[in-house]
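Worth knowing before you read on, the calculation uses all heavy atoms, side chains too, and leaves out hydrogens, waters and symmetry mates.
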Amino acid sequence: MQLAHLPGGDLVAKGLGDLAASKETVEALLVSIAAPRLRQRGLPVAAPLSDPEHRLYERLAREGEDSAHSRYNALLRRLVSFESALECGG
C-alpha cells in the first residue's frame with residue numbers, strides 16, 4: 001500500500017520499517033501509538049513498542065526539553081491526519 005501521498009504518510013512508512021527492523025525511533029513510536037487502528041486498516045504493524053506515548057515524549061524531551069510538548073502535539077496531529085485520510089479511502 002502506498003502511504004507517501006497521505007498526510008503524515010512519510011512518518012508512518014518510516015515507522016513501519018523501523019518497527020520491522022526492531023528500531024526505536026520517533027516514527028516507530030508513532031506507529032506503535034496507532035497500531036490498533038492501522039491494523040484495522042490492513043497495515044502490517046510488527047511488534048508495537050510498549051508505552052509508546054510516554055517513550056515518545058521522553059525521547060523528544062531528551063532532544064530538546066523546551067520544545068518537547070509542542071513537537072509531541074504536532075506529531076500526534078500528523079498521525080491523526082494520516083489515520084483520517086486512510087479511513088476516507090486513502
Side-chain angles (χ1 to χ4, degrees):
M1 176 182 285
Q2 293 286 19
L3 305 177
H5 70 286
L6 299 173
D10 56 329
L11 292 173
V12 173
K14 183 173 183 324
L16 289 169
D18 290 346
L19 278 179
S22 299
K23 295 180 185 176
E24 182 178 318
T25 62
V26 166
E27 295 85 358
L29 290 164
L30 280 172
V31 168
S32 294
I33 290 170
R37 289 183 76 183
L38 296 178
R39 283 183 174 147
Q40 286 176 344
R41 289 293 179 198
L43 293 176
V45 181
L49 301 166
S50 64
D51 196 22
E53 295 90 348
H54 188 253
R55 288 165 74 172
L56 176 59
Y57 191 88
E58 284 182 343
R59 185 181 190 97
L60 295 173
R62 283 193 308 270
E63 294 173 3
E65 190 173 329
D66 293 339
S67 64
H69 184 73
S70 60
R71 289 181 60 215
Y72 180 85
N73 286 332
L75 287 166
L76 289 183
R77 281 192 300 274
R78 288 187 67 193
L79 181 61
V80 169
S81 291
F82 175 83
E83 291 172 331
S84 295
L86 190 63
E87 288 177 4
C88 288

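- Residues Leu86 and Arg41 approach most closely at CD2-CB, 3.6 Å, considering heavy atoms.
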TODO: Check step by step if side chain to side chain contact (heavy atoms under 4.5 Å, CB included) holds for Leu79 and Leu11.
DONE: CA-CA 8 Å; Leu79 181 61; Leu11 292 173; over 6 Å; no

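- Here the closest non-hydrogen pair linking Ser81 and Pro7 is O-CG, 3.9 Å.
- The nearest pair of heavy atoms linking Gly8 to Arg78 is CA-NH2, 4.0 Å.
- Open room surrounds CG on Asp66; 12 or fewer heavy atoms of other groups in view lie less than 6.0 Å from it.
- Taken from CZ in Arg71 to CG in Leu60, the straight-line distance is 4.5 Å, to the nearest 0.5 Å.
- Using a 4.5 Å heavy-atom threshold, the side chains of Leu30 and Leu76 count as touching.
- In summary, Glu87 and Arg37 engage in a salt bridge, as defined by a charged side-chain N under 4.0 Å from a carboxylate O.
- Distance check, rounded to the nearest 0.5 Å: NE2 of His5 to CG of Asp10 gives 12.5 Å.
- The nearest pair of heavy atoms linking Leu29 to Pro52 is O-CB, 3.6 Å.
- Going from atom CG of Leu38 over to atom CZ of Phe82 covers 6.0 Å, rounded to the nearest 0.5 Å.
- Counting only residues at least two apart or on different chains, the ring pair (Phe, Tyr, Trp, His ring centres under 6.0 Å) pairs with a member in residues 9-61 are Tyr57-Tyr72.
- Shortest non-hydrogen contact noted between Arg39 and Ala47 is NH2-N, 4.1 Å.
- Under a 3.5 Å cut-off, the side chain of Arg59 and the backbone N or O of Glu24 do form a donor-acceptor pair.
- Remark: the backbone N or O of Ser67 is paired with a side-chain donor or acceptor of Ser70 at under 3.5 angstrom.
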